[in-house]
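Data first, discussion second: the structure below is written as structure tokens.
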Amino acid sequence: LKKIGFKSISIEAIKDAASQAQQVDDDQFMQQYNKAAGSRKTEDRAFLTSENAKRYNDLVHKQNETKKAKKIETLRQELEIHKKIMAENPDRPDIQKAQQTFVDSITKDIQKLGGSVE
């Protein structure tokens with residue numbers, strides 16, 4: 001490849017390209033599945049095999065887990081902000097109380113999502 005003008009390609013770039021291609025394939029599959037599920041045409045409904053249903057459910061589960069992980073990460077970042085405010089104001093009981101309320105609420109939300117605050 002170098003002889004014909006290509007620069008070196010990293011393994012990471014190849015993995016990213018493969019991941020993006022898989023995501024596009026998954027998105028197209030889900031669109032096709034949703035279209036078939038909403039259709040009354042026999043040829044569309046034929047796409048709703050048990051194998052495709054399993055793949056669709058697996059993809060939905062994967063998307064939900066990704067969303068949940070992102071939400072947990074966002075909540076953890078918020079939690080750190082409130083803990084920092086508490087640390088910066090050790091002599092302010094009003095601030096401590098208010099921030100502790102936020103900390104408790106956010107901790108509860110993280111735990112509801114299946115995450116931990118450790």
Side-chain angles (χ1 to χ4, degrees):
L1 291 174
K2 285 182 181 180
K3 289 181 182 178
I4 58 174
F6 284 95
K7 295 183 179 183
S8 63
I9 300 172
S10 71
I11 299 293
E12 196 63 36
I14 293 169
K15 286 180 181 178
D16 286 346
S19 176
Q20 289 173 357
Q22 182 63 47
Q23 184 62 47
V24 169
D25 181 55
D26 290 347
D27 290 345
Q28 288 174 342
F29 170 81
M30 291 187 76
Q31 287 174 355
Q32 185 177 1
Y33 190 89
N34 285 328
K35 179 184 173 210
S39 177
R40 294 180 187 255
K41 295 179 182 178
T42 304
E43 59 271 15
D44 289 343
R45 304 281 301 168
F47 187 74
L48 302 176
T49 64
S50 61
E51 291 149 11
N52 284 346
K54 181 181 179 340
R55 179 178 176 199
Y56 178 82
N57 288 331
D58 289 347
L59 289 171
V60 168
H61 179 73
K62 181 179 169 185
Q63 287 177 343
N64 290 340
E65 289 299 313
T66 300
K67 286 178 188 176
K68 190 185 333 181
K70 287 180 182 178
K71 179 66 176 170
I72 289 170
E73 184 56 34
T74 299
L75 288 170
R76 283 184 180 146
Q77 290 171 0
E78 288 180 38
L79 187 64
E80 290 307 313
I81 290 168
H82 293 291
K83 286 181 176 180
K84 182 179 177 189
I85 292 170
M86 289 175 76
E88 291 171 349
N89 297 283
D91 298 331
R92 297 279 310 271
D94 56 329
I95 291 176
Q96 294 293 316
K97 184 177 179 180
Q99 295 307 311
Q100 188 62 52
T101 301
F102 285 120
V103 167
D104 293 345
S105 175
I106 293 168
T107 299
K108 188 184 223 182
D109 291 344
I110 290 171
Q111 290 170 339
K112 280 182 188 176
L113 291 170
S116 69
V117 293
E118 309 299 315

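FYI, side chains are in, hydrogens and waters are out, and symmetry mates aren't considered; it's all heavy atoms of this structure. Numbers here are sequence positions counted from 1.
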Would you find a donor on one side and an acceptor on the other, under 3.5 Å apart, between the side chain of [X] and the backbone of [Y]?
X	Y	value
Asn34	Met30	yes
Asn57	Ala53	yes
Arg40	Arg45	no
Thr107	Val103	yes
Gln96	Met86	yes

Rounded to the nearest 0.5 Å, how far does [atom2] of [Y] lie from [atom1] of [X]?
X	Y	atom1	atom2	answer
Asp109	Leu75	CG	CG	6.0 Å
Thr74	Leu79	OG1	CG	12.5 Å
Ile106	Gln77	CD1	CD	11.0 Å

Would one find more than 12 heavy atoms of other residues, nucleotides or ligands at under 6.0 Å from atom [atom1] of [X]?
X	atom1	value
Ile14	CD1	yes
Glu51	CD	no
Phe29	CZ	yes

Q.
Glu65 and side-chain contact (heavy atoms from CB on, under 4.5 Å): which single residue from His61, Lys67, Lys62 fits?
A. His61
Q. Under the criterion side-chain contact (heavy atoms from CB on, under 4.5 Å), which of Asn89, Ile85, Asp104 is the partner of Gln99?
A. Ile85
Q: Give the C-alpha distance, both sets of side-chain angles, the deciding distance and a yes or no for side chain to side chain donor-acceptor pair (under 3.5 Å) between Gln20 and Asp16.
A: CA-CA 6 Å; Gln20 289 173 357; Asp16 286 346; over 6 Å; no
Q. Between the side chains of Gln31 and Asp27, does any donor sit under 3.5 Å from an acceptor?
A. no
